[in-house]
K.L.:
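Got a structure here, written out as structure tokens. Questions coming.
Just so it is clear, the values below take in all heavy atoms, side chains as well, and ignore hydrogens, waters and symmetry mates.
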Amino acid sequence: MARPNDEVEALLREYADLIAITGGDAFRARAYEKAARSIGGYPADVSHLDAEGLREIPNVGRSIADKVLEYLRTGRIALVEERRARIPAGVRELIRIPTLGPKKALRLYEDLHVSSVDELASAIEADALADLRGFGEKTQDNIRHGIELLRRAGSRIPLSAALETAEEIVGELSRVTGCRRCAYAGSLRRMRETVGDLDVLVAAERSAPFMAALCDLPATAEVVARGTKKTSVRTAGGLQVDLRVLPPASWGAGLQYFTGSKAHNIRTRTIAVHQGLKLSEYGLFDAGSGRSLASRTEEEVYARLGLPWIPPTLREDRGEIEAALRGELPEVVTERDIRGDLHTHTDLTDGLAPLEQMVEAAAARGYAYYAVTDHAPDLYMQRMTDEKILAQRERLRELDGVHHGMRLLHGTELNIGPEGDVDWPEDFLAGFDLCVASLHSHFDQDRAALTRRLVRACENPYVHVIGHPTTRLIGRRPGVDADWDAVFAACARTGTALEVNAQPDRLDLCDEDILRARDHGVRFAVNTDAHSVRQLAHLRYGVGTAQRGWLTREDVINAWPLSRLRRFLRGG
DNA sequence: GCCGTTTTCGGCCCGACTGTTTTCAGTCG
């Protein structure tokens, strides 16, 4: 099951939403939100803490500590259940629609008895909102568009959630007696940004114990189908998990087949056919005699087809077969190649952990260098000042090299203003080792204005990296509309790196944009944008996305040794 | 509900944008 911290976070967030929807004290709602975020990002497992330990978590006081203890003891929080009884779950779903907040949700529920996204969609179709105060033409358009966005994301779940569930399931099944191999395949293994269902494979002589184990998992809510070769279940979170048990001799062929993509597999099967072979999930066979030629490992299967092993993240039929045939497959960047994180926050702005904890955690990851990039003053809500950032710099210099010799870079995340200007004058910017610059507002400027804005940011000699360049939020907000080829060209010309932001709901740039930018000769930085210690581990999602964009160590500035990185930052 | 170099009460992230309610509520970052 999910980590206790995550369960508590979800519950407190729900409570905060319910307070907001029922018109409770806004500050109280925010207090629960803040506590939820702090607990979710807290490094220690809350189920191992007592009341005193819980209260050491920022934004957790006596009342919330008691509620957490109640949850850990009984599995529920009475006050949350009380609020739940007053507001149908579907009403809370409504506030996931962009531009629709708690106030509008409550009005829809009270006046029209709308208690789900589907009911709202029908109500709009039936023109039932016409007489409702505050729901004019434009508002309805915005809601309709918001519902569209939600639905397009559909039932697919974020890569990060899928990966956590898959790793738990693989962990459990690996412990079952008779398990020779166990792995997840499918779009998850290819690290697609969202995942529709999980494909889990087991190699074993007997399948029954694994089918039983899957059905008995605590995460399993419903058994969809149960057979000897394949069993499907649905988790409490609504994720379908397909388990296939293969004979050990078919492991490689099965893994290849179920990893896909479909387009990639069509290409490999075509290659097989042209060689008088047949490729299936059971192996690579001679089409005439039916004799098995390769099946134990993926490497064998690819080799018998005349191909090198192709990393799963490349298997999209986006030229990887041709590159493999030419012997020109890229050696894609791996998590081990990343020598440092270049975009991270502390509690000086909206991060959760103090500088010392972030630095210590970064060192524990084995980084050679690490940049701290808190928000700059133009993002007013962060209340940054010259004094605060300079005091941080002083403290950071003291910590430089203290942990395993890890070097620290003092940076900032600048705000790209509507005209492409950034916070602070040039002489102040010159004091930073590294500046990331990102869009945080004015997303709906027209294409020409947005392009100019981004190009101007690139042309600023103190801007080294463009953070989360499109600002998309997966399933919630599309990226901004710019002439990206012009922006990528500007990055290449000015030596400005583009970020591959590893936050699971961003993954920005996305794989396709990376491929385009790469053609322009742009460099990249794979960064977590971590706002807590735990988020430093989000790096893997960024690396997966970078791989899908065919990036190598050479393309990624934070895979370089520090001396080379510093030359890049100096513009050399 | 949390918190404290304006400290046990009285603040709390501030400002902008949008749509619609002609003076501001709601939402967002």
K.L.:
Quote, to the nearest angstrom, the P distance that separates B:dT20 from B:dT27.
P.N.:
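To the nearest whole Å, 13 Å.
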
K.L.:
Against A:Tyr370, only a single residue in A:Asp400, A:Asn558, A:Thr344 fulfils side chain to side chain donor-acceptor pair (under 3.5 Å); can you say which?
P.N.:
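Considering A:Asp400, A:Asn558, A:Thr344, a side chain to side chain donor-acceptor pair (under 3.5 Å) with A:Tyr370 is found only for A:Thr344.
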
K.L.:
Is there a side-chain contact between A:Leu120 and A:Leu129 (heavy atoms, below 4.5 Å)?
P.N.:
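Contact flag for A:Leu120/A:Leu129 side chains = yes.
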
K.L.:
Give one of base, sugar-phosphate or nothing for A:Leu379, where a contact means two heavy atoms less than 4.0 Å apart.
P.N.:
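It contacts nothing in the nucleic acid.
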
K.L.:
A:Arg133 side chain: which of B:dT21, B:dG29, B:dG1 is closest?
P.N.:
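Taking heavy atoms from C-beta onward, the closest nucleotide is B:dT21.
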
K.L.:
Which listed nucleotide (B:dG26, B:dG29, B:dG1) is nearest to the side chain of A:Ala31?
P.N.:
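Closest nucleotide to the A:Ala31 side chain: B:dG1.
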
K.L.:
Is the distance from OP1 or OP2 of B:dA16 to the nearest side-chain N or O of A:His442 less than 4.0 Å?
P.N.:
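For A:His442, the contact criterion (side-chain N or O under 4.0 Å from OP1 or OP2 of B:dA16) is not met.
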
K.L.:
If you check the A:Pro98 side chain, which of B:dC28, B:dG1, B:dG29 turns out closest?
P.N.:
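Ranking B:dC28, B:dG1, B:dG29 by closest atom to the A:Pro98 side chain puts B:dC28 first.
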
K.L.:
Both distances below 3.5 Å, Watson-Crick or wobble geometry, any strand: find the nucleotide opposite B:dT8.
P.N.:
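None - no nucleotide pairs with B:dT8, as no candidate has both distances under 3.5 Å.
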
K.L.:
Do side-chain atoms of A:Arg518 reach the backbone of A:Leu551 as a donor and acceptor pair under 3.5 angstrom?
P.N.:
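Answer holds: no.
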
K.L.:
In whole angstrom, what separates A:Ile143's CD1 from B:dG19's P?
P.N.:
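One finds 12 Å between P of B:dG19 and CD1 of A:Ile143, rounded.
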
K.L.:
Apply salt bridge (charged side-chain N to carboxylate O under 4.0 Å, His left out) to A:Arg456 and A:Glu459, showing your working.
P.N.:
CA-CA 5 Å; A:Arg456 227 190 120 204; A:Glu459 286 169 346; over 6 Å; no

K.L.:
Is the shortest side-chain N/O distance from A:Arg476 to OP1 or OP2 of B:dC28 below 4.0 Å?
P.N.:
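The answer is no; no side-chain N or O of A:Arg476 sits under 4.0 Å from OP1 or OP2.
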
K.L.:
Closest to the A:Asn59 side chain: B:dC3, B:dG1, B:dC28?
P.N.:
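So the nucleotide nearest the side chain must be B:dC3.
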
K.L.:
Can you tell me how far C1' of B:dG11 sits from CZ of A:Arg28, to the nearest Å?
P.N.:
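These atoms are roughly 17 Å apart.
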
K.L.:
I want to verify a distance call: between B:dG1, B:dT20, B:dG29, whose nearest atom is closest to the A:Thr139 side chain?
P.N.:
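The listed nucleotide nearest to A:Thr139's side chain is B:dT20.
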
K.L.:
Say you pick atom C1' in B:dC17 and the same atom in B:dC12; how far apart are they, in whole Å?
P.N.:
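Looking at atom C1' only, B:dC17 and B:dC12 are 23 Å apart.
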
K.L.:
Figure out the CG/C1' separation between A:Leu94 and B:dG26, and round it to whole Å.
P.N.:
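So the CG-C1' distance, A:Leu94 to B:dG26, works out to 15 Å.
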
K.L.:
Taking for each residue the nucleotide of DNA chain B with the nearest heavy atom, is it A:Leu100 or A:Lys34 whose nucleotide lies nearer the 5' end?
P.N.:
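So the residue in question is A:Lys34.
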
K.L.:
Measure from the side-chain heavy atoms of A:Lys138 and tell me the nearest of B:dG19, B:dG26, B:dG29.
P.N.:
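Output: B:dG19.
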
K.L.:
Mind checking if A:Asp444 touches a base, just sugar-phosphate, or nothing, with heavy atoms under 4.0 Å?
P.N.:
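It contacts sugar-phosphate atoms only.
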
K.L.:
Taking the P atom in each of B:dT8 and B:dC3, what is the distance between them to the nearest angstrom?
P.N.:
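16 Å, rounded to whole Å.
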
K.L.:
Can you tell me how far C1' in B:dG19 sits from the matching atom in B:dT23, rounded to whole Å?
P.N.:
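So the two C1' atoms sit 13 Å from each other.
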
K.L.:
What contact category does A:Arg107 fall into here, base, sugar-phosphate, or nothing, at under 4.0 angstrom with non-hydrogen atoms?
P.N.:
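Counting heavy atoms under 4.0 Å across all strands, no contact is made by A:Arg107.
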
K.L.:
What is the distance from CG of A:Leu129 to C1' of B:dG19, rounded to the nearest Å?
P.N.:
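A:Leu129 atom CG is separated from B:dG19 atom C1' by 15 Å.
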
K.L.:
Rounded off to whole Å, could you give me the NZ-to-P distance for the A:Lys103 and B:dT21 pair?
P.N.:
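These atoms are roughly 18 Å apart.
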
K.L.:
Round to the nearest Å and state the distance from A:Glu137 atom CD to B:dT21 atom C1'.
P.N.:
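Between C1' of B:dT21 and CD of A:Glu137: 17 Å.
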
K.L.:
Could you tell me whether A:Asp485 and A:Arg516 make a salt bridge, using a distance below 4.0 angstrom between a side-chain N and a carboxylate O?
P.N.:
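Judged by the 4.0 Å cut-off on N to carboxylate O distance, A:Asp485 and A:Arg516 do form a salt bridge.
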
K.L.:
After noting the C-alpha distance and the side-chain angles of A:Arg13 and A:Ile39, does the key distance pass the side chain to side chain contact (heavy atoms under 4.5 Å, CB included) rule?
P.N.:
CA-CA 11 Å; A:Arg13 273 191 200 281; A:Ile39 289 170; over 6 Å; no

K.L.:
Rounded to whole angstrom, note down the C1' distance from B:dG26 over to B:dT21.
P.N.:
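B:dG26 and B:dT21 have their C1' atoms separated by 12 Å.
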
K.L.:
Determine the interatomic distance between C1' on B:dG29 and the same-named atom on B:dC13; round to the nearest Å.
P.N.:
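10 Å, rounded to whole Å.
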
K.L.:
Would you say A:Thr99 reaches B:dG26's phosphate, i.e. side-chain N/O to OP1/OP2 under 4.0 Å?
P.N.:
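So the side chain of A:Thr99 is outside the cut-off, no N or O lying under 4.0 Å from OP1 or OP2 of B:dG26.
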
K.L.:
Does the Lys NZ or Arg CZ of A:Arg506 fall within the cation-pi geometry relative to A:Tyr541 - under 6.0 Å from the ring centre and within 45° of the axis?
P.N.:
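Relative to the ring axis of A:Tyr541, which defines the angle, A:Arg506 lies outside at least one limit.
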
K.L.:
So A:Asp350, base contact, sugar-phosphate only, or nothing? Heavy-atom distance under 4.0 Å.
P.N.:
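No contact.
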
K.L.:
Could you check how far CG of A:Asp141 sits from C1' of B:dT18, rounded to whole Å?
P.N.:
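Distance check: A:Asp141 CG to B:dT18 C1' gives 13 Å.
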
K.L.:
Just the rounded figure in Å: distance from P of B:dG26 to CZ of A:Phe135.
P.N.:
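Going from CZ in A:Phe135 over to P in B:dG26 covers 10 Å.
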
K.L.:
Would you mind classifying the nucleic acid contact of A:Ser441 as base, sugar-phosphate or nothing, using non-hydrogen atoms under 4.0 angstrom?
P.N.:
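Nothing: the residue A:Ser441, judged by heavy atoms under 4.0 Å, touches no strand.
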
K.L.:
Give a yes/no answer on whether the side chain of A:Arg30 brings an N or O atom under 4.0 Å of OP1 or OP2 in B:dC13.
P.N.:
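Answer is yes, contact under 4.0 Å.
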
K.L.:
Reckon A:Asn142 has a side-chain N or O less than 4.0 Å from the OP1 or OP2 of B:dG19?
P.N.:
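Yes, within the criterion.
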
K.L.:
Toward the 5' end of DNA chain B, which comes first, A:Tyr15 or A:Ala105, by nearest nucleotide?
P.N.:
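On the 5' side of the pair lies A:Tyr15.
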
